[in-house]
Amino acid sequence: MKIATWNVNSIRVRADAVAAWLESARPDVLCLQEIKVVDGDFPAARYEGMGYRAAVSGQKTYNGVAILARDGMSDVVAGFADGAEEDPQRRLLRATIGGVRVIDAYCPNGEDVGTEKYAYKLAWFARLLRVLETQESPSKPLVLLGDFNIAPEAIDVHAPDRWEGKVLCSGPEREALAGLRAWGLEDCVRAKHPGEPKLFSWWDYRLAAFQRGWGLRIDHILATAPLAARLRAAEIDVEPRKAERPSDHAPVWAEFGP
DNA sequence: ATGGTAGAGCATCTA
């Protein structure tokens with residue numbers, strides 16, 4: 001079972017790129033972030049014609065997540081569904097596919113350390129951990145994947161000294177991610193590439209960051225122990241980032257055995 | 001000193 005994630009930064013602009021990547025990578029599941037459309041404007045019919053069903057939690061202009069899957073999806077849940085007032089920002093979508101609980105996450109960016117958006121980011125991660133603790137199980141096959149907007153370690157950053165303490169790399173953010181891992185999640189790409197540098201998934205559009213190799217690894221696939229035990233391969237596919245009008249993120253995928 | 005590009009949508013906001 002091949003499960004992938006890609007922050008496409010507008011499904012309108014990247015609809016062709018997504019179709020092309022589905023054709024070449026042939027994932028069983030593709031989780032999308034930043035689709036930036038309401039549910040009705042997601043090009044579901046197009047991907048249905050390619051053998052993928054869609055679950056969508058979209059909104060106008062910002063955010064929005066969707067799951068494309070070859071198999072049927074059950075127990076589809078949008079948002080935290082924790083009884084408290086739902087977050088109007090559409091960032092979370094869950095579905096059970098082929099016996100695997102799939103959680104598609106577009107985690108907040110945080111703008112800058114100390115800002116209101118940074119506080120929202122930390123609160124969002126705390127709420128996500130509570131959702132896992134109360135609604136999901138680390139002893140079942142589960143994958144939490146998406147754009148986390150956090151680089152876990154110095155090795156995940158092109159210039160760690162320059163980024164130290166900055167948003168995407170700050171201590172509290174990394175502790176929030178470690179808190180998720182401590183619940184029972186393993187970083188699939190790092191597990192298959194221990195100690196490997198220059199493994200990045202995002203490059204800023206500005207300053208020709210991609211051409212200069214100024215990347216960060218902020219998109220992740222985290223699996224519970226019973227699923228991680230089936231991990232066969234995990235990669236970041238840099239090719240789509242070289243396209244003429246690319247997303248600023250590259251797709252990330254993991255393959256699990258039966 | 002606080003840059004630079006991209007997307008949405010039409011002045012800025014977000015990343």
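Summarising the geometry, the separation between OH on Y118(A) and P on dA15(B) is reported as 15 Å, rounded to the nearest angstrom. What separates CG of D41(A) from P of dG7(B) is a distance of 18 Å, to the nearest Å. The CG atom of D204(A) sits 10 Å away from the C1' atom of dA6(B) (whole-angstrom rounding). Here the C1' atom of nucleotide dG4(B) and the CH2 atom of W214(A) are 10 Å apart, to the nearest Å. Computed from coordinates, the Q59(A) CD to dA15(B) P distance equals 10 Å when rounded to whole Å. The NE2 atom of H249(A) sits 12 Å away from the P atom of dG7(B) (whole-angstrom rounding). Atoms CZ (R206(A)) and P (dT5(B)) sit 10 Å apart, rounded to a whole Å. Atoms CG (N109(A)) and P (dA6(B)) sit 18 Å apart, rounded to a whole Å.
Spacing between dG3(B) and dC13(B) at atom P, rounded to whole Å, works out to 14 Å. Rounded to the nearest Å, the gap between the C1' atom of dT14(B) and that of dC10(B) is 16 Å. Spacing of P atoms, dA8(B) relative to dG4(B), comes out at 22 Å, to the nearest Å. The C1' atoms of dG7(B) and dA11(B) are separated by 14 Å, rounded to the nearest whole Å.
Judged by closest nucleotide on DNA chain B, P246(A) is the one of P246(A) and E111(A) placed further toward the 5' end. With the nearest nucleotide of DNA chain B identified for both D147(A) and A208(A), A208(A) has the one nearer the 5' end.
With a 4.5 Å cut-off on side-chain heavy atoms, N9(A) and R14(A) count as touching.
Between W163(A) and W202(A), the two ring planes are perpendicular [angle over 60°; tilted spans 30° to 60°]. Using the six-membered ring where Trp is involved, W214(A) and H158(A) have ring planes that are parallel, under 30° apart on the 30 and 60° scheme.
With no hydrogens or angles considered, a side-chain donor-acceptor pair links R94(A) and Q135(A) at under 3.5 Å.
Proximity of R91(A) to the phosphate of dA15(B): a side-chain N or O atom is located under 4.0 Å from OP1 or OP2.
Within 4.0 Å of Y106(A), counting heavy atoms only, lie sugar-phosphate atoms of the nucleic acid but no base atom. At a threshold of 4.0 angstrom between heavy atoms, the contacts of R212(A) with the nucleic acid are absent.
For W124(A) and F80(A), the ring centers are positioned less than 6.0 Å apart.
Screening residues 85-104 of chain A for ring-ring contact (aromatic ring centres under 6.0 Å, His included), with sequence neighbours left out, gives no hits.
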Dump every N/O contact between nucleotides 8-10 of chain B and the protein below 3.5 Å, one line per pair.
{"unit_1": "dA8(B)", "atom_1": "OP1", "unit_2": "S10(A)", "atom_2": "OG", "d": "2.3"}
{"unit_1": "dG9(B)", "atom_1": "OP1", "unit_2": "K60(A)", "atom_2": "NZ", "d": "3.3"}
{"unit_1": "dG9(B)", "atom_1": "OP1", "unit_2": "T61(A)", "atom_2": "OG1", "d": "3.3"}

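Partner N7(A) forms a side chain to side chain contact (heavy atoms under 4.5 Å, CB included) with one of N149(A), D219(A), L32(A) and no other, that one being D219(A).
Taking every side-chain heavy atom of L207(A) into account, dG3(B) is the closest of dG7(B), dA15(B), dG3(B).
Of the charged side-chain nitrogens involved, none lies within less than 4.0 Å of a carboxylate oxygen, so that R181(A) and E186(A) do not count as a salt-bridged pair.
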